[in-house]
Amino acid sequence: MELYKQINKAGYEQVVFYRDSDSGLKAIISVHSTVLGPALGGARMWAYDSEEDAIEDVLRLSKGMTYKAAVAGLNLGGGKAVIIGDSKKDKNEKLLRAFGKFVDSLQGRYITAEDVGTCQEDMNIISQETKYVTGIAPERGGSGDPSPFTALGVYQGIKAAVEKVYGTTDLKGKVVAVQGVGNVGYYLCQYLASEGARLIVSDINTGALERAQEKFEVEVVSPQEIFGVDCDIFAPCALGAVVNDATLPEFKCKIIAGGANNVLAEPRHGDLLHKSGILYMPDYVINAGGLINVAQQLYGYDQEIVRNKVLKIYDNCVNVLKLAEKENIATYLAADRVAEQRLAAAKTEVSKVG
Ligand code: NAD
């Protein structure tokens, strides 16, 4: 009963549990909202410590997708799936096909995509059981690797932040500390370097660091040092919760804007950034390029269309910053308001039509 209360209070439309004894699949799909369109969100495969943890994760993540799609201007709702299990040991074709059948049973209310523990090849398998799947291989008409577009959006968001703080979008000579030069971080460095920004990077993977060093002029610092380096912009592109009680006193930057999800350890850290005068570009606004990319597969994939939509992340970021200034609120709250306003307007339209 507690679960029903929680779902009801937070306005979730539907949460579905699925068990397939043949394949061993245990999965949950949460459809937070279909107000703006079908609920799109990745399928995360993770060896959760408990079923409660899996439920909490799928609820939190699906709500996040509603907000991300709303601010990105997509006609999509928010959903997410979790598959309970270890992706390295438990994932196989049978299980993925069973998951595909589960997705199909919702008849398009939920559309799946890759996430932690699932990959493009998995989406190809799932697509044999359902058409409600994105992120399949480009040679099959799919959207492929989202990272270059996520990085393009982050680059646009950084420009919007730089304009607000320095009065120009020019990044020449700006110092950017990039935490994590994996997929998104690497492509982001490419954009920043092409404009003459100075790069300071860190990563725990020496291969990733070497790849960045070979291609760009970068100063490498340790994963501990990256938070406190003298820079204009700190761009988190590795983990979540990097703005926390321990790192806050270290930051010397004027802007925090990067590709990572869940950058704030807790909402109050967003308020503390606001008070300290560091401009934080909310994660789900600035990193929506990957979602825009996979979503395009639903309408016929076209890279040029995706590129133009991703460039609009600049405007989305400007709108959030304007609202934050007008209301004198933290930027993460302003982003939530922008999303909620769009959802409320769409609900009003629906009730008028109804
Ligand atoms: P990735 O795994 O390719 O890259 C992450 C990099 O961070 C890796 O090289 C890893 O070694 C490094 N790293 C891990 N811990 C670190 C630490 N403590 N210090 C420094 N570096 C560390 O992942 P990605 O696809 O580039 O995604 C990066 C972030 O962006 C993630 O938070 C992801 O959720 C988010 N994101 C990615 C996309 C996308 O399109 N790939 C879209 C939206 C959000």
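- In the model, T34 has a side-chain atom that pairs as donor or acceptor with a side-chain atom of E13 under 3.5 Å.
- At least one side-chain heavy atom of E121 sits under 4.5 Å from a side-chain heavy atom of I125.
- Hydrophobic clustering places V310 together with L76 (ILVMFWY residues linked when any side-chain heavy atoms are closer than 4.5 Å, directly or through intermediates).
- Considering only heavy atoms from C-beta on, L40 comes within 4.5 Å of V294 through its side chain.
- For the residue pair N124 / S127, no side-chain donor-acceptor distance below 3.5 Å is found, with atom types taken as modelled.
- Counting non-hydrogen atoms of neighbouring residues, nucleotides and ligands closer than 6.0 angstrom, the CZ atom of R211 exceeds 12 such neighbours.
- Put simply, the side chain of Q297 gets close to the backbone of S143: a donor and an acceptor are under 3.5 Å apart.
- A single hydrophobic cluster is seen to contain both M45 and V133, as judged by linkage of ILVMFWY side chains at heavy-atom distances under 4.5 Å, directly or through other members.
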* To do: Under the side chain to side chain contact (heavy atoms under 4.5 Å, CB included) rule, what do L279 and K164 come out as? Steps first, then yes or no, please.
  => CA-CA 9 Å; L279 189 159; K164 174 86 185 130; 3.6 Å; yes
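- Between the side chains of Y110 and Q14, no donor-acceptor pair is found at a separation under 3.5 Å.
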* Intermediate values then yes/no, side-chain hydrogen bond (donor to acceptor under 3.5 Å, both in side chains), E163 and Y314 -> CA-CA 11 Å; E163 183 173 38; Y314 178 89; 2.4 Å; yes
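- M123 and T134 get closest at one heavy-atom pair: CG-O, 3.6 Å.
- With a 4.5 Å cut-off on side-chain heavy atoms, F227 and Q179 count as touching.
- Residues V306 and L311 share a hydrophobic cluster, clusters being chains of Ile/Leu/Val/Met/Phe/Trp/Tyr side chains in contact below 4.5 Å.
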* **Verdict with reasoning, L36 to L74, per side chain to side chain contact (heavy atoms under 4.5 Å, CB included)** => CA-CA 8 Å; L36 295 172; L74 296 168; over 6 Å; no
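- Distance CG/N316 to NZ/K309: 12.5 Å, rounded to 0.5 Å.
- For F251 and F234, the gap between ring centers is short of 6.0 Å.
- Cluster annotation: V178 and Y280 are assigned to distinct hydrophobic clusters (Ile/Leu/Val/Met/Phe/Trp/Tyr, side-chain heavy-atom contacts under 4.5 Å, transitive).
- To the nearest 0.5 angstrom, W46 atom CH2 is 12.0 Å from T118 atom OG1.
- Remark: the S222 side chain and the E225 side chain contain an N/O donor-acceptor pair separated by less than 3.5 Å.
- R19 places no side-chain N or O within donor-acceptor distance of the main-chain N or O of K26, the cut-off being under 3.5 Å.
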* Asked: Yes or no on side-chain hydrogen bond (donor to acceptor under 3.5 Å, both in side chains) for Q190 and Y155, after CA distance, side-chain angles and deciding distance?
  -> CA-CA 10 Å; Q190 208 161 30; Y155 172 54; over 6 Å; no
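- Within the 4.5 Å cutoff, the side chain of Y18 has heavy atoms near those of the L25 side chain.
- At most 12 heavy atoms of other shown residues, nucleotides or ligands fall within 6.0 angstrom of atom CD in Q107.
- D104 contributes no side-chain N or O that, together with a main-chain N or O of G100, makes up a donor-acceptor pair within less than 3.5 Å.
- Taking the six-membered ring where the residue is Trp, the centroids of F216 and Y186 are separated by under 6.0 Å.
- Look at R268 and D245 and you find a salt bridge, because one of the NZ, NE, NH1 or NH2 atoms lies within 4.0 Å of a carboxylate O, short of that distance.
- The shortest heavy-atom contact between A335 and V71 is O-CG2, 3.7 Å.
- With rounding to the nearest 0.5 Å, the separation of CD1 in I255 from CE in M281 is 7.5 Å.
- Judged purely by atom type and a 3.5 angstrom limit, N308 has no side-chain atom pairing as donor or acceptor with the backbone of I305.
- The environment of CD in Q341 is crowded: more than 12 heavy-atom neighbours from other residues, nucleotides or ligands sit within 6.0 Å.
- Between L323 and A334, the shortest heavy-atom distance links the atoms CD2-O, 3.6 Å.
- Under the 4.0 Å criterion applied to side-chain N and carboxylate O atoms, K80 and D115 are assigned as salt-bridge partners.
- At a cut-off of 3.5 Å, with distance as the only test, a side-chain donor of D271 or Y332 sits close to an acceptor on the other residue.
- Side-chain contact annotation: T66 with S33, donor-acceptor N/O pair under 3.5 Å absent.
- Going from atom CG of L171 over to atom CD1 of I233 covers 6.0 Å, rounded to the nearest 0.5 Å.
- Around the NZ atom of K322, the shell of radius 6.0 Å holds no more than 12 heavy atoms that belong to other residues, nucleotides or ligands.
- G290 approaches P146 most closely through the heavy-atom pair CA-CB, 3.7 Å.
- A donor-acceptor pair shorter than 3.5 Å can be found between the side chains of D336 and Y284.
- Side chains of S147 and D145: a donor-acceptor N/O pair is present below 3.5 angstrom, by distance only.
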* Apply side-chain hydrogen bond (donor to acceptor under 3.5 Å, both in side chains) to the pair N287 and N261, showing each step before the final yes or no. => CA-CA 8 Å; N287 74 15; N261 280 314; 2.8 Å; yes
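- Annotation for A177 and I226: closest pair CB-CD1, 3.9 Å, computed over non-hydrogen atoms.
- I28 places none of its side-chain heavy atoms less than 4.5 Å from the side chain of V16.
- For E325, the CD atom counts as loosely surrounded, since its 6.0 Å shell holds 12 or fewer non-hydrogen atoms of other residues, nucleotides or ligands.
- No chain of hydrophobic side-chain contacts below 4.5 Å, direct or via other Ile, Leu, Val, Met, Phe, Trp or Tyr residues, connects V15 to L106.
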* **Trace of the side chain to side chain contact (heavy atoms under 4.5 Å, CB included) decision for T112 with Y132** => CA-CA 6 Å; T112 200; Y132 304 115; over 6 Å; no
* Would you sort out whether E114 and Q120 count as a side chain to side chain contact (heavy atoms under 4.5 Å, CB included), showing the intermediate values? => CA-CA 6 Å; E114 69 179 85; Q120 188 173 289; 3.8 Å; yes
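- Within a 6.0 Å sphere centred on CD of E51, other residues, nucleotides and ligands contribute 12 heavy atoms or fewer.
- Although no hydrogens or angles enter the test, the distance criterion places a donor-acceptor pair under 3.5 Å between the side chain of T247 and the main chain of V242.
- By the 4.5 Å heavy-atom criterion applied to side chains, Q6 and L3 are counted as neighbours.
- Residues I256 and P236 meet the side-chain proximity criterion, which asks for heavy atoms closer than 4.5 Å.
- Checked by atom type, the side-chain pair Y301/N293 shows a donor-acceptor distance below 3.5 Å.
- Between the side chains of Y48 and D57, at least one donor N or O sits under 3.5 Å from an acceptor N or O.
- The CZ atom of R60 sits 7.5 Å away from the CD atom of E56 when rounded to the nearest 0.5 Å.
- Seen from the ring of Y166, K174 counts as a face-on cation partner, given the 6.0 Å and 45° thresholds.
- Here the side chains of I313 and L152 are not in contact, with every heavy-atom distance at 4.5 Å or above.
- Here the straight-line distance linking atom CG of L192 with atom CZ of R198 works out to 13.0 Å at 0.5 Å rounding.
- Contact between K347 and V35 at its shortest, heavy atoms only, is CE-CG2, 3.7 Å.
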